[in-house]
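Here the structure comes first, spelled out in structure tokens, and everything after it is commentary.
Quick caveat: nothing in here was measured; it's all calculated off a predicted structure. Counting starts at 1 for both ligands and their atoms, in listed order.
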Amino acid sequence: TDLSTLEVEQPTTSTTENLKQPFVIGVAGGAASGKTTVCDMIIEQLRDQRVVLVNQDSFYHNLTSEELKKVYEYNFDHPDAFDTEQLLRIMEKLKHGHAVDIPKYDFKSYKNDIFPARRVNPSDVIILEGILIFHDPRVRDLMNMKIFVDTDADVRLARRIRRDTAEKGRDIGVVLDQYSKFVKPAFDDFILPTKKYADIIIPRGGDNHVAVDLIVQHIRTKLGQHDLCKIYPNLYVIQSTFQI
Ligand code: ADP
Ligand code: C5P
């Protein structure tokens, strides 16, 4: 090592600011694939960290009275069903350490203005979950890690029938019609093509404990590097300019 050539640079402000930003994880996959279950498992293992879950469902557009009258003709699985501009505004604020109010969405009334909105404080990890969370490149660019939950279509349909009839009080005929008219085509046209953006694909969703453990390990490694850089902001710059 030639110490005479050692240069210690001061990191630029933008570099240190970037290091302080939360670690953002995107979790995409078909409806009822087990996205929420996987997120809950990750959050459970990261109990000692400040983690917040943001659902794309919170950003469904409110329907007009005309759309409400013909709600069974509305495509909730199309990218245009979401207010992505609002999602981006809220994510930018959270990423920069500001508290935000996230709308609550009610699947029965189709409204996203349920009072009070959910107050979310800044955190170390933000998990963004939703069927089309990888569709818009600007949303993808917010993410440090992208996960796609890959569950067979028959399993997703079976779970959806159970969930929509039991929890949302919907008629099974309506659920099946919505599936063949909108849910399945939108999965093929918009959701499945975003699988290529994933860093990790999890087969069998929440049944895959090995995948969840590996993901949590990776997040912990990244958060550890993050903390070290907060304590010693020059550390990695010294390493990178060492002449060996
Ligand atoms: P998503 O968030 O992708 O819509 P969820 O995690 O909410 O999926 O799961 C959809 C439904 O399937 C829920 O009712 C959930 O309880 C059930 N479910 C999810 N994962 C499993 C699993 N591994 N085994 C059995 N049921 C599951
Ligand atoms: O939680 P999950 O990812 O399953 O939510 C997405 C699904 O919710 C979509 O497939 C969409 O069809 C459905 N949905 C619905 N009714 C609404 C809003 C969304 O059935 N009002």
### Query
Do you know the tightest heavy-atom contact between M91 and V24?
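What the structure gives for the nearest pair is CE-CG1, 4.0 Å.
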### Task
For N112 and Y60, work out which heavy atoms get closest and say how close.
ND2-O, 2.7 Å
### Message
Does only the side chain of R163 get under 4.0 Å from ligand 2, or the backbone, or both, or neither? Count heavy atoms.
### Response
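The answer is the side chain of R163.
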### Query
Where does D57 meet ligand 2, judged by heavy-atom distances below 4.0 Å: at the side chain, the backbone, both, or neither?
side chain
#### Entry: Plane angle bin for F148 and F134 - parallel if under 30°, tilted between 30 and 60°, otherwise perpendicular
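Rings of F134 and F148: tilted, as their planes differ by 30° to 60°.
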#### Entry: Ion pair check, D150 and K195, cut-off under 4.0 Å
yes
### Message
Below a 4.0 angstrom heavy-atom separation, can you tell me which part of R159, side chain or backbone, both or neither, approaches ligand 1?
### Response
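Only the side chain of R159 comes within reach of ligand 1.
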Atom indices of ligand 2 within 4.0 angstrom of [X] heavy atoms, with elements:
{"X": "R170", "value": "15 (C), 16 (N), 17 (C), 20 (O), 21 (N)"}
{"X": "K35", "value": "3 (O)"}
{"X": "Y110", "value": "21 (N)"}
{"X": "Y105", "value": "17 (C), 18 (C), 21 (N)"}
{"X": "A32", "value": "4 (O)"}

### Message
I'd like to know whether ligand 1 has S33 as a neighbour, heavy-atom separation below 4.0 Å.
### Response
yes
Backbone or side chain, does any N or O of [X] fall under 3.5 Å from an N or O of ligand 1?
{"X": "G206", "result": "no"}
{"X": "R204", "result": "no"}
{"X": "A32", "result": "yes"}

For [X], counting its heavy atoms only, list the atoms of ligand 1 lying under 4.0 Å from any of them.
{"X": "G30", "answer": "3 (O)"}
{"X": "D207", "answer": "22 (C), 23 (N)"}
{"X": "T37", "answer": "5 (P), 6 (O), 9 (O), 19 (C), 20 (N)"}

### Task
Kindly indicate whether atom 24 (N) of ligand 1 is approached by any protein heavy atom to under 4.0 angstrom.
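Under 4.0 Å from atom 24 (N) of ligand 1, at least one protein heavy atom found.
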### Message
Can you confirm whether more than 12 heavy atoms, excluding those of K111, are under 6.0 Å from its NZ atom?
### Response
no
### Message
Take a 6.0 Å sphere around CZ of R162 and say whether it holds more than 12 heavy atoms from other residues, nucleotides or ligands.
### Response
no
Taking both backbone and side-chain atoms of [X], is any N or O found less than 3.5 Å from an N or O belonging to ligand 2?
{"X": "R160", "result": "yes"}
{"X": "D77", "result": "yes"}
{"X": "Q178", "result": "yes"}

### Query
Does Q56 reach ligand 2, in the sense of a heavy atom lying below 4.0 Å from it?
no
### Query
To the nearest 0.1 Å, how far is atom 14 (N) of ligand 2 from its closest protein heavy atom, and which atom is that?
F107 CE2, 3.7 Å
#### Entry: Identity and separation of the nearest protein heavy atom to atom 2 (O) of ligand 1
T36 OG1, 2.5 Å
### Message
Pairing donors with acceptors under 3.5 angstrom, does anything connect the side chains of N55 and S58?
### Response
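On atom types as modelled, these side chains do not qualify, holding no pair under 3.5 Å.
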### Polar contact flag, side-chain donor to acceptor under 3.5 angstrom, N144-Q21
no
